[in-house]
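Report on the following structure.
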There are 2 protein chains.
Amino acid sequence: MNIQLTEKKEQIFRSTLQLVNAGGFHGSPMSKIAKEAEVAVGSIYHYFPSKDDLIIELYWYCKEIINKHIFLEEQDNLPYDQRFRAVWKNVVLFYQDHEDLFSFMEQFYGSPFYEDIRKNVFQHKCERNKIFHFLEQGLEEKHLKDLHVRILLAAYLGPAISLVRSSLYEKTKIEESQLDQLVDIIWNGVKK
Amino acid sequence: MNIQLTEKKEQIFRSTLQLVNAGGFHGSPMSKIAKEAEVAVGSIYHYFPSKDDLIIELYWYCKEIINKHIFLEEQDNLPYDQRFRAVWKNVVLFYQDHEDLFSFMEQFYGSPFYEDIRKNVFQHKCERNKIFHFLEQGLEEKHLKDLHVRILLAAYLGPAISLVRSSLYEKTKIEESQLDQLVDIIWNGVKK
DNA sequence: TTCTGTCAATTGAATGTTCATTCGGTTGCA
DNA sequence: TGCAACCGAATGAACATTCAATTGACAGAA
């Protein structure tokens, strides 16, 4: 039964991701979400109290998926510099292959929904996410230059996100060798 | 008369920027835009054929302002490396001081509006903007490593945008010294 | 096994609200 | 007098949400 529930929810999530990617939050009325997910409008309200709740739950759902794909267990024990590169490449490759997820997250972060999430201090602390910790760890273990984490985060993720954006805009995936070039630049810039 | 027209338009633009920043495209109905701009709803339609047109014109308007503030005449003749740093810092400082503009552009780029703009090949070419050219120039003049412009763009602008985002989220401006650190890292990473 | 009561899951038409857009009329300037 | 700028109530479409009705699964009684 609980599995059923999850499946239906995921069906709705997937439909929403697809629509938001294609037409923004604008172009995603409940009626379309329902049709795409092959459920009745009313059913969505069986799972989510409101559209806003649906969106916010979808955010947490995406976040979980992303983290799962970025921090791979088999890479947990690599030396820091190799892990630094691996995680970074995971980010780019995952987003490149999951356009709708990327597009949703981008829009979400720019929307007032996210404002609400950040306001909640407790969640905010949970929210300081794995990448943040990963960089802090690099600082503590003296792998990274002694910079403010904020700066490290910008230097690490900023280029990745820009790259994914340009890849999606131009509908051309980025060559692996180019990824290596860029992550090398970043690593050389922030390594101790 | 033409000046009048521009003034009214700007009033509407400013109002829209403010609302979009506060509540996203969602939370910006024409009625609110009108009230905030202190004009009647109908008047907006005197200047713009539709809400979509308003948004798209606003995009071009923002783009112009941004370019004006990023490429300062008095810095045009600096040696490339200094100009590289100056332009980059202009980006961060300008966006930091113009939250609503930044927020609008971010949301616009993630929206289907921008898709339409990119589709139009002619505009697309105009669109390849000044920063793009600036980096190409750096390549031609052998100041920069021989990387794909796409990679350079990601390495240059990505961190800037990330930084601004975090600055706006945390409502804390970034210290000038931190900016210098970051732009140094970038420059060292891409310089020949 | 068959029947029955229960409740969650599901449906989509109906409701009320919000919104973009229109338009008939007013103002003010040339 | 004419015309552009301006107004905001009126219109109709799109939308989120509700709800009364239907289905389906299943536990326990016969």
Side-chain angles (χ1 to χ4, degrees), chain A residues 1-59 61 104 107-108 111-117, chain B residues 1-59 61 104 107-108 111-117:
Chain A
M1 188 193 69
N2 214 324
I3 290 159
Q4 272 279 338
L5 185 120
T6 301
E7 270 173 19
K8 265 285 155 60
K9 274 194 166 190
E10 286 193 350
Q11 217 169 310
I12 295 166
F13 282 156
R14 267 196 293 279
S15 158
T16 309
L17 282 179
Q18 206 168 311
L19 284 164
V20 170
N21 182 27
F25 285 122
H26 288 63
S28 311
M30 292 300 253
S31 54
K32 274 196 195 172
I33 294 177
K35 195 179 290 175
E36 181 74 35
E38 293 176 299
V39 295
V41 192
S43 303
I44 299 182
Y45 285 89
H46 180 72
Y47 295 98
F48 306 96
S50 73
K51 193 181 178 182
D52 282 13
D53 287 275
L54 162 57
I55 303 274
I56 288 171
E57 265 202 55
L58 178 49
Y59 164 73
Y61 173 79
F104 172 80
Q107 292 196 50
F108 187 86
S111 78
F113 292 120
Y114 188 54
E115 181 89 8
D116 293 342
I117 285 181
Chain B
M1 188 192 70
N2 215 325
I3 289 159
Q4 272 281 337
L5 185 120
T6 300
E7 269 173 22
K8 265 285 155 59
K9 273 194 167 190
E10 286 192 350
Q11 216 169 309
I12 295 165
F13 282 156
R14 267 196 293 277
S15 158
T16 309
L17 283 180
Q18 205 169 311
L19 283 164
V20 170
N21 181 28
F25 285 123
H26 287 65
S28 312
M30 293 300 255
S31 53
K32 274 197 196 173
I33 294 177
K35 194 178 293 177
E36 181 74 35
E38 294 175 298
V39 295
V41 192
S43 302
I44 298 182
Y45 286 89
H46 180 72
Y47 295 99
F48 306 96
S50 73
K51 192 181 178 181
D52 283 14
D53 287 275
L54 161 56
I55 303 275
I56 288 171
E57 264 201 57
L58 177 51
Y59 163 73
Y61 171 79
F104 172 80
Q107 293 196 49
F108 187 86
S111 79
F113 292 119
Y114 187 56
E115 181 89 8
D116 293 343
I117 285 181

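So that the names make sense, note that chain A is the first sequence line, chain B the second, and so on, each numbered from 1.
Whole-Å rounding puts the K9(B) NZ to dA5(D) P distance at 11 Å. One interatomic measurement links the two molecules: CZ of F48(B) to P of dA20(C), which rounds to 15 Å at whole-angstrom precision. Summarising the geometry, the separation between CG on D52(A) and P on dC15(D) is reported as 16 Å, rounded to the nearest angstrom. Distance, I55(A) CD1 to dA16(D) C1': 12 Å, rounded to whole Å.
What you find for A40(B) and A34(B) is that their closest heavy atoms are C-CB, 4.0 Å. Nearest heavy atom pair, residue Y45(A) against residue S50(A), reads CE2-CA, 4.1 Å.
The list of side-chain hydrogen bond (donor to acceptor under 3.5 Å, both in side chains) pairs with a residue in residues 25-43 of chain A, not counting sequence neighbours, reads Q18(A)-E36(A).
In terms of phosphate contacts, H46(B) brings a side-chain nitrogen or oxygen within less than 4.0 Å of OP1 or OP2 of dA5(D).
Of all the residues in residues 30-45 of chain A, M30(A), V41(A), Y45(A) reach under 4.0 Å from DNA chain D with at least one non-hydrogen atom. In the region residues 11-19 of chain B, proximity to DNA chain D at under 4.0 angstrom, judged on heavy atoms, holds for none of the residues.
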Can you list the steps and then say if I56(A) with D116(A) is a side-chain contact (heavy atoms from CB on, under 4.5 Å)? CA-CA 10 Å; I56(A) 288 171; D116(A) 293 342; 5.5 Å; no
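Between the CD1 atom in I55(A) and the CZ atom in F108(A) there is a gap of 8.0 Å [rounded to 0.5 Å]. Remark: T16(B) OG1 to F48(B) CZ distance equals 7.0 Å, nearest 0.5 Å.
Remark: the backbone N or O of Q11(A) is not paired with any side-chain donor or acceptor of S15(A) at under 3.5 angstrom.
Comparing H26(A) and P49(A), the nucleotide of DNA chain D nearest to each residue sits closer to the 5' end for H26(A).
Between F13(B) and F104(B), the ring center distance fails the sub-6.0 Å criterion.
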